Amino acid sequence: MGVEAKIAPSMLSSDFANLASEAQRMLDCGADWLHMDIMDGHFVPNLTIGAPVIESLRKHTKAYLDCHLMVTNPLDYVEPLGKAGASGFTFHVEVSRDNWGELVQRIKSKGMRPGVSLKPGTPIEEVYPLVEGEYPVEMVLVMTVEPGFGGQKFMPETMDKVRALRKKYPSLDIEVDGGLGPSTIDMAASAGANCIVAGSSVFGAPDSAQVISLMRKRVEEVQKNY
């Protein structure tokens with residue numbers, strides 16, 4: 001059984017002064033989700049947005065807000081992000097090895113969809129218990145760059161993780177984030193990724209809709225064979 005292609009422009013690459021109109025522009029260009037990078041300046045060096053920005057954006061859009069928490073204490077963010085209107089809540093396995101069961105339960109209780117992410121250097125085996133556990137996550141995000149900053153170069157070696165995940169879990173949503181665009185989408189799609197986060201390649205393109213369409217088409221072509 002195949003899984004659906006989801007293209008999620010990373011709003012980190014948008015014009016933050018015009019976040020609502022940038023979000024609408026991406027949806028008009030065919031985006032499925034809006035990817036929101038929440039960084040605390042501790043787990044990663046960069047500091048971006050939090051619940052107040054999600055809450056503000058939610059007033060202007062009904063879109064699926066795919067929140068990626070690059071934070072040291074994800075439990076602290078569940079309540080505020082749930083209230084703010086986040087749709088998905090993806091935390092990092094590196095900071096939640098001891099309490100992920102409680103974390104997933106809390107995320108679901110606030111009406112959000114739980115996901116887990118891992119850095120390029122973290123073995124893929126670390127997320128298996130979270131997919132198979134009593135309180136399973138519903139998506140795995142494989143970082144294809146080091147988390148923290150946009151505009152980095154795609155790391156092809158991370159595709160081994162995507163392949164392993166897809167082989168083990170044929171119907172799992174597998175997301176990739178970092179350096180994705182027309183030149184790297186084939187690698188990600190053929191490895192089995194179906195949720196594609198893309199920042200500068202979409203926002204910096206002369207025709208954002210064309211880039212989104214191309215990436216979706218590549219994923220859909222591969223998914224037909226699963």
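It should be emphasised that the depicted structure is a prediction, and the values quoted were computed from it without experimental measurement. When reading the values below, keep in mind they use all heavy atoms of this one structure, side chains included, and skip hydrogens, waters and symmetry mates.
Side chains of Ile49 and Ile54 form a contact here, defined as non-hydrogen atoms less than 4.5 Å apart. The shortest side-chain heavy-atom distance between Val219 and Ile185 falls under the 4.5 Å cut-off. Using a 4.5 Å heavy-atom cutoff, the side chains of Pro74 and Val95 are in contact. Side-chain contact between Val104 and Phe91: present, with at least one pair of heavy atoms (C-beta onward) separated by less than 4.5 Å. Using a 4.5 Å cut-off on side-chain heavy atoms (C-beta onward), Leu19 and Ser14 make contact. Side-chain contact between Val93 and Trp100 is absent, with no heavy-atom pair separated by less than 4.5 Å.
Within a 6.0 Å sphere centred on NZ of Lys217, heavy atoms belonging to other residues, nucleotides or ligands number 12 at most. Heavy atoms from other residues, nucleotides or ligands lying under 6.0 Å from CG of Asp28 number more than 12. More than 12 heavy atoms of other residues, nucleotides or ligands sit less than 6.0 Å from atom CD of Glu221.
Note that CG of Leu57 and CE of Met36 are 5.0 Å apart. Values are rounded to the nearest 0.5 Å. For the atom pair NE2 (His35) and OG1 (Thr90), the distance works out to 7.5 Å, reported to the nearest 0.5 Å. Interatomic distance, CG of Leu118 versus CD of Glu125, reported as 10.0 Å (0.5 Å rounding). Atom CD1 of Ile107 sits about 6.0 Å away from atom CE of Met112, to the nearest 0.5 Å. Taken from CD1 in Ile174 to CD1 in Ile196, the straight-line distance is 10.0 Å, to the nearest 0.5 Å. In this structure, OG1 in Thr158 is found 15.0 Å from NZ in Lys119, a value given to the nearest 0.5 Å.
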Throw together a table of side-chain donor-acceptor distances under 3.5 angstrom for residues 127-151, partners on residues two or more places apart or in other chains.
unit_1	atom_1	unit_2	atom_2	d
Glu132	OE2	Tyr169	OH	2.5
Glu138	OE1	Arg113	NE	3.1
Thr144	OG1	Asp177	O	2.8
Thr144	OG1	Gly178	N	3.3
Thr144	OG1	Gly178	O	2.7

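Using modelled atom types, no side-chain atom of Arg25 and backbone atom of Ser208 make a donor-acceptor pair closer than 3.5 Å. A distance-only check finds a donor-acceptor pair linking the side chain of Ser21 to the backbone of Asn18 [under 3.5 Å]. Distance alone, capped at 3.5 Å, is enough to place a donor-acceptor pair between the Ser109 side chain and the Arg106 backbone. Checked by atom type and distance alone, the side chain of Asn73 never pairs as donor or acceptor with a backbone atom of Leu75 at under 3.5 Å. At distances below 3.5 Å, not a single donor-acceptor pair connects side-chain atoms of Asn194 with backbone N or O atoms of Asp173. A donor-acceptor pair under 3.5 Å is absent between the side-chain atoms of Arg163 and the main chain of Ser190, judged by distance alone. Thr48 contributes a side-chain N or O that, together with a main-chain N or O of Met39, makes up a donor-acceptor pair within less than 3.5 Å.
Under the 4.5 Å side-chain contact rule for hydrophobic residues, Val197 and Leu180 do not share a cluster. Each of Met155 and Leu165 belongs to its own hydrophobic cluster when Ile, Leu, Val, Met, Phe, Trp and Tyr are linked at side-chain heavy-atom distances under 4.5 angstrom. Note on Trp33: it does not cluster hydrophobically with Leu12, by side-chain heavy-atom contacts below 4.5 Å among ILVMFWY residues. A single hydrophobic cluster is not seen to contain both Val202 and Tyr64; linkage of ILVMFWY side chains at heavy-atom distances under 4.5 Å, directly or through other members, places them apart. Both Phe16 and Ile38 belong to a single network of hydrophobic side chains, linked directly or stepwise wherever heavy atoms of I, L, V, M, F, W or Y lie under 4.5 Å apart.
Annotation for Ser171 and Val3: closest pair O-CG1, 3.3 Å, computed over non-hydrogen atoms. Of all heavy-atom pairs between Thr184 and Gly179, the closest is OG1-O, 2.9 Å. The two residues Ala51 and Leu81 come nearest to each other via the heavy atoms CA-CD2, 4.0 Å. When all heavy atoms of Pro182 and Leu214 are compared, the pair lying nearest together is CA-CD2, 4.1 Å. The nearest pair of heavy atoms linking Leu34 to Ala23 is CD1-CB, 3.5 Å. Nearest heavy-atom pair across Met187 and Phe154 is CE-CE2, 3.6 Å.
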Test side chain to side chain contact (heavy atoms under 4.5 Å, CB included) on Met159 and Val176 and set out the steps.
-> CA-CA 9 Å; Met159 292 302 96; Val176 285; 4.2 Å; yes
So Asp66 and Glu175, side chain to side chain contact (heavy atoms under 4.5 Å, CB included) or not? Walk me through it.
-> CA-CA 11 Å; Asp66 176 37; Glu175 188 168 59; 2.7 Å; yes
Take Arg97 and Glu126 through the salt bridge (Lys or Arg N to Asp or Glu O under 4.0 Å) test and state the conclusion after the steps.
-> CA-CA 9 Å; Arg97 290 183 177 98; Glu126 291 207 16; 2.8 Å; yes
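Between Phe43 and His92, the two ring planes are tilted [angle within 30° to 60°].
Within the structure, side-chain hydrogen bond (donor to acceptor under 3.5 Å, both in side chains) pairs that include any residue of residues 50-63 comprise Arg58-Ser87 (at least two apart or interchain).
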